[in-house]
Amino acid sequence: MRKGFFIVLEGPDRSGKSTQAVLLKEWLEQQGMQTILTREPGGTAISEKIRKILLDPQVKAVPVAELFLFAVSRSQHTAEIIKPALAAGKIVISDRFTMSTEAYQGYGRGLPAGMIRTVNRIATEGIKPDLTVVFDVPEQEFEKRIREAEEKNGPDRFEREDIEFRRRIQKAYRTFSRRKGIKRIDASKSIDEIQSELRVLVSETIKDDIR
Ligand code: TYD
């Protein structure tokens, strides 16, 4: 049985990746490809509970504790959802993965890159995405989206972080989007344009299997 494909969408909060993930899954399924859509933190019973802790504005975790909470969530998610789906030849789309920890706990909270790499490697059992797409949000668009989100939803723990934290995240993703092997999408484009670009990137990755 052929191995599945592991696609990861990354980017700052409000970059639009979750909307795109849903559209991508629909498109792949229309072509008869078995696809699962999952997210981090989340996707399993343990991970959803950890997600609640992490996103609770009343809970204050020091950076290392936060790193480990994400790692617990990721190890369960990898073992319970991602690995079995890939072994069954499915396409797995994950809304966030290890790069989020590099961005938020590394660039955002200031934890050393080496520590994050080690924890990520343990949590993922070495599983690596076949394709990572970074949603890169240009500066002005970024500020606009923050204001809109706060007006509409009221902030959660991560959305209440100061503007400097969020700028560090945006810059981190901008830097990561230039890494070898990483694909970048301009998140200020329209939903349709982004979806078309995403489909091209995914098709290139799995081209031998799309008929
Ligand atoms: P969520 O509401 O899912 O945000 P989004 O829809 O933008 O993905 O909340 C997840 C938050 O957790 C988000 O602010 C990013 C953060 N996060 C980390 O700090 N580290 C991580 O390793 C992951 C996976 C997420």
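Counting convention: from 1, in listed order, for ligands and their atoms alike. Values reported hereafter were calculated over all heavy atoms of this structure, with side chains retained and with hydrogens, waters and symmetry mates removed. FYI, the numbering just counts along the sequence from 1.
In terms of polar-atom proximity, defined here as any N/O pair under 3.5 Å, Asp13 does make such a contact with ligand 1. Checked against a 3.5 angstrom limit, the closest N/O atoms of Arg96 and ligand 1 fall inside it.
Applying the side-chain contact (heavy atoms from CB on, under 4.5 Å) test between Arg74 and each of Ile50, Ile127, Thr98, Ile122 identifies Thr98 as the sole match. Results of the ring-ring contact (aromatic ring centres under 6.0 Å, His included) test with Phe176 over Phe135, Phe97, Tyr107 single out Tyr107 as the only residue that passes. When the options Glu102, Glu10, Arg184, Arg168 are evaluated for a side-chain hydrogen bond (donor to acceptor under 3.5 Å, both in side chains) with Tyr173, the one that passes is Glu10.
Remark: ligand 1 atoms within the under-4.0 Å shell around heavy atoms of Arg74 are 22 (O), 24 (C). Atoms of ligand 1 found under 4.0 Å from any heavy atom of Gln105 (numbered from 1 in listed order, with element): 18 (C), 19 (O), 20 (N), 21 (C), 22 (O). Taking a cut-off of under 4.0 Å to the non-hydrogen atoms of Thr101, the atoms of ligand 1 that pass are 21 (C), 22 (O). The ligand atoms of ligand 1 that sit less than 4.0 angstrom from a heavy atom of Arg51 are 1 (P), 2 (O), 3 (O). Counting the atoms of ligand 1 from 1 in the order shown, those under 4.0 Å from a heavy atom of Glu40 are 24 (C).
Going from atom CD of Gln170 over to atom CD of Glu143 covers 7.5 Å, rounded to the nearest 0.5 Å.
Within the structure, the closest approach of Arg39 to ligand 1 does not fall below 4.0 Å when heavy atoms are considered. In this structure, Lys17 is part of the shell of residues with a heavy atom less than 4.0 angstrom from ligand 1.
When side chains are defined from C-beta on, Lys90 does not count as touching Thr35, because their heavy atoms never get closer than 4.5 Å. At a threshold of 4.5 Å between non-hydrogen side-chain atoms, the residues Leu28 and Ile93 count as touching.
With hydrogens and angles disregarded, no donor-acceptor distance shorter than 3.5 Å links the side chain of Ser73 to the backbone of Leu69.
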